[in-house]
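Convention: sequence-line order gives letters A, B, ...; per-chain numbering from 1.
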Amino acid sequence: MRFKQLHTSSLCLLPNRTRIHAQSAAPPRRNTSDFFRSPTTKSLPEPRTKKVTDSDIVKCNIAITTHMRNGQCDVALRLFNSMPRKTTVSYNTMISGYLSNGSFKLAHQLFDEMPLKDLVTCNIMISGYIKNKNLLAARQLFDEMPVKDVVSWNAILSGYAQNGLVDEARRVFHLMPEKNEISWNGILAAYVQNGRIEEARRLFESKERWPVVSWNCLMSGYLKKKRLEEARQIFDRMPVRDAVSWNTMITCYAQNGRMEEARKLFEKSPIRDVFTWTAMVSGYIQNGQLHDARRIFDEMPEKNVISWNAMIAGYVQSKNMDLAGELFEAMPCRNVSSWNTMITGYAQSGDIARARNLFVKMPHRDCISWAAIIAGFAQNGDSEEALQMFIEMKRDGERLNRSAFTCVLSTCADIAAFELGKQIHGRVVKAGYEFGCYVGNALLAMYCRCGSIDEAYNVFKRIEDKDVVSWNTIIIGYARHGFGEEALKHFESMKRASSRAPDDAQNLMRSMPFEPDAATWGALLGASRIHGNTSLGEKAAEMIFALEPWNSGMYVLLSNLYASSGRWVDKKKQHMLKCHSEKLAVAYGIMKIPSGRPVRVFKNLRVCEDCHTAIKHIAKIVGRLIILRDPNRFHHFKDGVCNCGDYW
DNA sequence: GTAGGGTTAG
């Protein structure tokens with residue numbers, strides 16, 4: 001690399017022959033005359049050639065900054081290239097612009113080409129490496145710098161913090177020749193971001209004054225752990241609050257279903273920006289309060305794409321595609337996720353024609369759009385079209401990501417497309433997604449569905465973080481293919497896996513849902529029947545009853561189990577149970593319709609003794625059916641005969 | 001009056 005000399009005294013030789021211009025601790029005031037030797041005498045100006053003044057260069061630099069901030073890298077580059085002379089600042093501006101626009105490669109290229117690197121250049125590049133998760137390169141550059149300032153140290157400190165290397169971050173912190181507020185905040189953030197909240201707290205209490213960002217940081221640490229009360233205490237103690245403080249606290253209440261507290265804080269907040277409003281909208285949506293969400297949305301003084309998207313997603317979630325469509329039409333500007341949300345919504349509501357229409361019309365597609373439309377066709381039973389779209393997606397040059405693979409594989413499973421599934425498996429391996437849980441599960445399901453249980457087991461073995469779906473799929477796979485014993489074996493090892501005590505919280509979270517779902521219990525029930533294992537079968541039926549009391553298949557399977565083990569079951573009773581369960585399913589379906597209606601639906605409900613248990617269970621799921629706690633509201637059928645006509 | 005390091009949120 002070649003360099004232009006700026007301040008001879010501060011030029012240093014780097015070990016790898018890289019020379020950079022370093023600033024001393026108190027940086028010399030640089031002005032553009034360092035870079036441009038403007039003529040001191042009025043030598044003959046070239047006719048018709050405009051003299052390039054310092055202020056021209058500065059103006060260009062500023063224009064580059066603006067273009068970069070607007071995301072117009074190409075415009076910035078054109079300007080940059082047209083500059084007759086470029087200063088270090090011009091290069092630095094370009095590089096940092098590229099980095100903030102995510103063009104790491106271009107930034108790096110320019111960095112390599114740059115004739116003269118100074119301290120700022122290296123600091124920019126260090127943060128670039130860190131953003132790109134290349135901690136080693138960042139560290140190497142850091143080590144090569146002949147002079148570092150507090151910015152360099154802070155950058156490397158936060159690099160370690162963001163990548164979970166807390167102890168390394170602490171080492172850096174102690175080595176720093178000078179520390180400022182940002183350094184202190186850096187080590188605080190290192191603890192907070194890595195879940196070491198108690199250490200963060202101790203550090204925080206060890207120092208008198210903290211800037212508002214650090215208060216925010218500590219508060220968010222408690223919020224991440226869902227320790228809302230402690231977070232609130234921090235919030236209340238804060239000497240100064242900024243928009244982040246208010247937004248963080250409000251968002252957290254909203255996301256944890258505590259809309260009343262969110263609302264109170266929202267009304268008190270002196271600084272409401274688009275984030276605050278949108279957080280309230282999404283909070284209400286998540287809480288099922290669509291009307292409140294819409295009210296806030298309508299009151300919003302300023303909306304951005306994200307607020308619109310949030311509201312549309314709310315309607316899509318509650319299957320109200322008409323209102324979603326209305327809003328979508330009314331949007332002043334849309335982004336890819338607006339389109340994707342609508343496509344997903346139409347696809348999931350079975351309106352694949354509309355979904356396809358939008359897909360064709362949308363200006364830019366990303367891999368989510370493709371995955372949405374592929375899944376849409378697949379879920380609506382048009383597997384051929386789904387695969388056709390998959391092929392078109394490849395033709396379009398869209399790179400396959402995890403979700404696209406997952407989608408397509410589940411389509412293959414649907415139509416038992418074994419050969420294609422195998423081909424895709426090859427691509428999955430190539431892409432290195434094989435061991436991931438989502439793609440792995442989809443592969444597993446595909447092989448199970450195609451009857452290739454050995455291959456399925458091979459996939460199962462390789463999935464690194466098996467979750468409940470992986471276990472359920474393999475168990476169901478074995479059970480469906482008549483390998484009852486294998487299914488039971490896996491069931492046992494699943495139980496063992498779930499009963500192991502895990503230290504860190506994440507593992508615990510992962511293994512918590514190791515409770516088989518109704519489908520798995522169903523498979524086990526089926527397997528038990530084949531093997532005549534009545535006690536496991538009864539246990540399975542009991543579990544299904546607890547999870548899905550309306551699951552009619554369970555009653556049939558159970559009675560078959562009894563029948564095959566020689567226990568006599570009254571056909572009439574079996575029919576009765578089935579009948580009840582179907583009614584309950586209908587009832588449950590209605591109850592899932594939003595806005596508290598179910599109470600009315602259930603008002604005149606009559607249940608027999610057996611059903612009563614089921615109803616109570618549903619009440620538990622829904623949570624607000626207080627009428628069910630009043631037994632006088634029910635008619636109990638004592639004789640075991642339930643007249644379905646009396647049901648409503 | 002231009003370029004680099006810290007918190008949060010849709």
Subject >> Sub-4.0 Å heavy-atom contacts from residues 260-277 of chain A onto DNA chain B, ordered by number >> reply: V274(A), F275(A)
**OP:** Could you list the residues that satisfy salt bridge (Lys or Arg N to Asp or Glu O under 4.0 Å) with R402(A), not counting sequence neighbours?
**Re:** none
Original post:
Within this structure, what is the NZ-to-C1' distance between K303(A) and dG10(B), rounded to whole angstrom?
Top reply: 15 Å
**OP:** Report yes or no: is there a donor-acceptor pair, N or O only, under 3.5 Å between the side chain of N309(A) and the base of dG10(B)?
**Re:** no
Subject >> Selected nucleotide, minimal atom distance to T65(A) side chain, candidates dT7(B), dT2(B), dG10(B) >> reply: dT2(B)
Subject >> Sugar-phosphate, base or nothing in reach of V212(A), heavy atoms under 4.0 Å >> reply: nothing
Subject >> Those residues that, when tested against R171(A), pass salt bridge (Lys or Arg N to Asp or Glu O under 4.0 Å) (two or more places apart) >> reply: E168(A)
Subject >> Those residues of residues 74-83 of chain A lying under 4.0 Å from DNA chain B by at least one heavy atom >> reply: none
Original post:
How close or far is atom P of dG5(B) from atom CG of L141(A), stated in whole angstroms?
Top reply: 14 Å
**OP:** Rounded off to whole Å, could you give me the NE2-to-P distance for the H67(A) and dA3(B) pair?
**Re:** 14 Å
**OP:** For residues 59-88 of chain A, pull every pair meeting ring-ring contact (aromatic ring centres under 6.0 Å, His included), keeping only residues two or more places apart or in separate chains.
**Re:** F80(A)-Y91(A)
Original post:
Roughly how many Å is it from CG in D118(A) to C1' in dG5(B), rounded to a whole number?
Top reply: 15 Å
Subject >> Proximity to DNA chain B (any heavy atom under 4.0 Å), residues of residues 191-200 of chain A only >> reply: Q193(A)
